[in-house]
Amino acid sequence: MESIAMRDVLRTDYQKSVAEYWNKEKDPVNIKLGEIDGLYHHHYGLGEWDPSVLAGPTETRDQRIIEELHRLETAQADVLLDHLGDIAPDDHLLDAGSGRGGTSIMANARFGCHVDGVSISEQQVDFANEQAKQRGVMDKVHFHFRNMLDTRLETGSRRAIWTNETTMYVDLFELFAEFSRLLEYGGRYVCITGCSNDVTGMRTKAVSRIDEHYTCNIHPRSEYFRALAANNLVPIQVVDLTPDTIPYWELRAKSSVATGIEEPFLTAYKEGSFHYLLIAADRI
C-alpha cells in the first residue's frame, strides 16, 4: 500500500481530535492486559468470570483479576471471529479501526488468512505492526494509517470485514457504503458495538457519560439497521450480548485498571438504555 498524507486521512477537526486521543492513550486497561500474552485488545469482555480470582492470596489478587479480564476480552474476539463464516487462507479480511491489532492477529492464527487493519491513530498502527513483526506474520497481517471511511482498498477485494467497538466514531451510512464497496458478493460484515436503545428515547445520563469519556457519538440501535439496508448489507444474525458483558464490567470495577467509566456502563446496561450487540450481515 502506498502511504497517504495525513490531511487525506484526517479530514475533519473531529477526526483529528479522535486521532489525538488514541495517539496519546496508554491506558493500563489496554496495556497491562495485553502484556499477558502479547494480544492487545481495545474492546470489552464476554462471559462469566471465575470466582476463584477473588478467593486467593490478597497480594496476587489484582494480577489474577487482570488475567481474567484478558481472558474475557479474548473470548469476545473469538465470538466475533466465530461469525465471519468460512474463511480460507487466501481470503483477504479488513479490521476497520484495528487498534493495537489483537483481533487481526487472532484471525490470521485461526484462518491463515490475509488481514489488513486500518486506524487513524499512527501510534496504534506502529504498535500493531511491531506485534505482527514479532509474531512473524507480516507477510499476511499488516496495519495501515488509513481512514475506514475511505480505505482506498480495491473494490470487491474483501471476503469479510469487522468492526469491534469502533462504529461510534463515524457516520454509519458513509461507513457501510465503503464496506459494501469493499466486500465481494456474499461477503460478511460483523459488527460488535454498544448502541443506545430507541425504546427508552433520548440517551440517558449514563450513555452521555460514555460518549464524553471516549470522545465518541453512540448511535441508536435503529440507525445500524437503516444504514445496513441502505447499503445492500442484509443481517443474517443479531445477538444481544448485553447480559454476557455485564460480568466483565463488574469484575473490572474491582481491579486496579478501573478507569471510572465502569459505573456508567453498568448503569446503562442494567437500566436498559444501552445494548451490546453483535450484528452479522451479508453483502448482496
Side-chain angles (χ1 to χ4, degrees), residues 21-22 25-37 39-56 61-80 82 97 99-100 102-103 106 162-169 190-197 199-200 203-221 224 238-279:
Y21 174 89
W22 288 110
E25 182 271 334
K26 292 181 176 61
D27 199 323
V29 77
N30 295 319
I31 302 298
K32 289 185 72 172
L33 274 63
E35 288 173 348
I36 292 169
D37 61 3
L39 286 174
Y40 291 83
H41 299 298
H42 279 271
H43 57 253
Y44 311 129
L46 290 177
E48 296 290 339
W49 48 272
D50 184 350
S52 70
V53 301
L54 302 182
R61 179 176 181 265
D62 190 63
Q63 182 60 29
R64 292 194 304 275
I65 293 175
I66 288 172
E67 290 173 0
E68 187 69 352
L69 290 171
H70 184 60
R71 183 183 70 81
L72 297 178
E73 66 175 1
T74 299
Q76 189 261 30
D78 274 323
V79 168
L80 187 154
D82 289 344
R100 287 185 170 91
T103 307
M106 287 176 63
W162 73 82
T163 52
N164 200 350
E165 300 176 14
T166 59
T167 49
M168 62 286 297
Y169 289 102
V190 177
C191 169
I192 293 184
T193 189
C195 54
S196 59
N197 184 358
V199 176
T200 60
R203 68 187 59 197
T204 63
K205 182 178 180 180
V207 175
S208 296
R209 285 184 63 189
I210 296 168
D211 259 352
E212 182 180 359
H213 182 85
Y214 290 108
T215 319
C216 64
N217 182 29
I218 292 167
H219 302 292
R221 177 177 49 172
Y224 283 87
V238 179
V239 183
D240 183 4
L241 299 173
T242 307
D244 298 313
T245 197
I246 287 174
Y248 162 87
W249 287 100
E250 291 175 334
L251 182 61
R252 178 167 146 172
K254 303 175 187 296
S255 75
S256 64
V257 296
T259 62
I261 199 61
E262 291 78 16
E263 180 183 349
F265 268 96
L266 287 168
T267 298
Y269 284 139
K270 291 178 180 180
E271 74 186 6
S273 64
F274 195 52
H275 296 304
Y276 197 51
L277 288 189
L278 180 149
I279 305 169

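As the structure is a computational prediction, the values presented were derived from the model and not from experiment.
In this structure, Glu262 contributes its side chain and Thr259 its backbone to a donor-acceptor pair below 3.5 Å. A distance-only check finds a donor-acceptor pair linking the side chain of Ser255 to the backbone of Arg252 [under 3.5 Å]. In this structure a side-chain-to-backbone donor-acceptor pair under 3.5 Å is missing from Trp49 to Leu69.
For the pair Pro220 and Ser196, the tightest heavy-atom approach, listed with the atom from each and the gap, is CA-OG, 3.1 Å. Nearest heavy-atom pair, His219 versus Thr167, reported as atom, atom and distance to 0.1 Å: NE2-O, 3.1 Å. When all heavy atoms of Leu39 and Gly102 are compared, the pair lying nearest together is CD2-O, 3.7 Å. Smallest separation of non-hydrogen atoms from Tyr44 and Phe265: OH-CZ, 3.6 Å. Between Gly194 and Tyr224, the closest heavy-atom pair is O-OH, 4.1 Å.
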Please test Lys205 against Glu271 for salt bridge (charged side-chain N to carboxylate O under 4.0 Å, His left out), starting from the C-alpha separation and ending with a verdict.
CA-CA 11 Å; Lys205 182 178 180 180; Glu271 74 186 6; over 6 Å; no
Dump the intermediate steps for side-chain contact (heavy atoms from CB on, under 4.5 Å) on Val190 and Asn164, then the final yes or no.
CA-CA 8 Å; Val190 177; Asn164 200 350; over 6 Å; no
Evaluate side-chain contact (heavy atoms from CB on, under 4.5 Å) for Arg64 paired with Asp50, printing each intermediate quantity in order.
CA-CA 10 Å; Arg64 292 194 304 275; Asp50 184 350; over 6 Å; no
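By the 4.5 Å heavy-atom criterion applied to side chains, Asn30 and Tyr40 are not counted as neighbours. Between His70 and Lys32, the closest side-chain pair of non-hydrogen atoms is not below 4.5 Å. A 4.5 Å side-chain heavy-atom check between Trp249 and Ile261 finds at least one atom pair inside the cut-off. Between His41 and Leu33 the shortest side-chain heavy-atom distance does not fall below 4.5 Å. In this structure, Val53 and Leu251 have side chains that are in contact, with non-hydrogen atoms separated by less than 4.5 Å. In this structure, Leu46 and Tyr276 have side chains that are in contact, with non-hydrogen atoms separated by less than 4.5 Å.
Screening Glu68, Glu73, Glu67 for a salt bridge (Lys or Arg N to Asp or Glu O under 4.0 Å) involving Arg71 leaves a single residue, Glu68. Considering Thr245, Ile192, Leu241 in turn, Ile192 is the only one that fulfils the side chain to side chain contact (heavy atoms under 4.5 Å, CB included) rule with Gln76.
Separation of atoms CD1 (Ile218) and CD1 (Ile210) is listed at 5.0 Å; rounding is to 0.5 Å. Ile66 contributes atom CD1, which lies 4.0 Å from atom OG of Ser256 (distance to the nearest 0.5 angstrom). Between atom CD1 of residue Ile279 and atom CG of residue Asp240 there is a gap of 10.5 Å, rounded to the nearest 0.5 Å. The NE2 atom of His275 sits 3.5 Å away from atom CG of Asn197, with the distance rounded to the nearest 0.5 Å. Once rounded to the nearest 0.5 Å, the distance linking NE2 of His43 with OG1 of Thr193 reads 13.0 Å. With rounding to the nearest 0.5 Å, the separation of OG1 in Thr267 from CZ in Phe274 is 12.0 Å.
Under 4.0 Å is where a charged nitrogen must lie from a carboxylate oxygen, and between Glu25 and Arg100 at least one such pair does.
Residue Glu35 places its CD atom among more than 12 non-hydrogen atoms of other residues, nucleotides or ligands, all under 6.0 Å distant. By the neighbour-count criterion of 12 heavy atoms within 6.0 Å, atom CD of Glu212 is sparsely surrounded, having that number or fewer from other residues, nucleotides or ligands.
Using cut-offs of 30° and 60° for the angle between ring planes, the His42 and Trp22 rings count as perpendicular.
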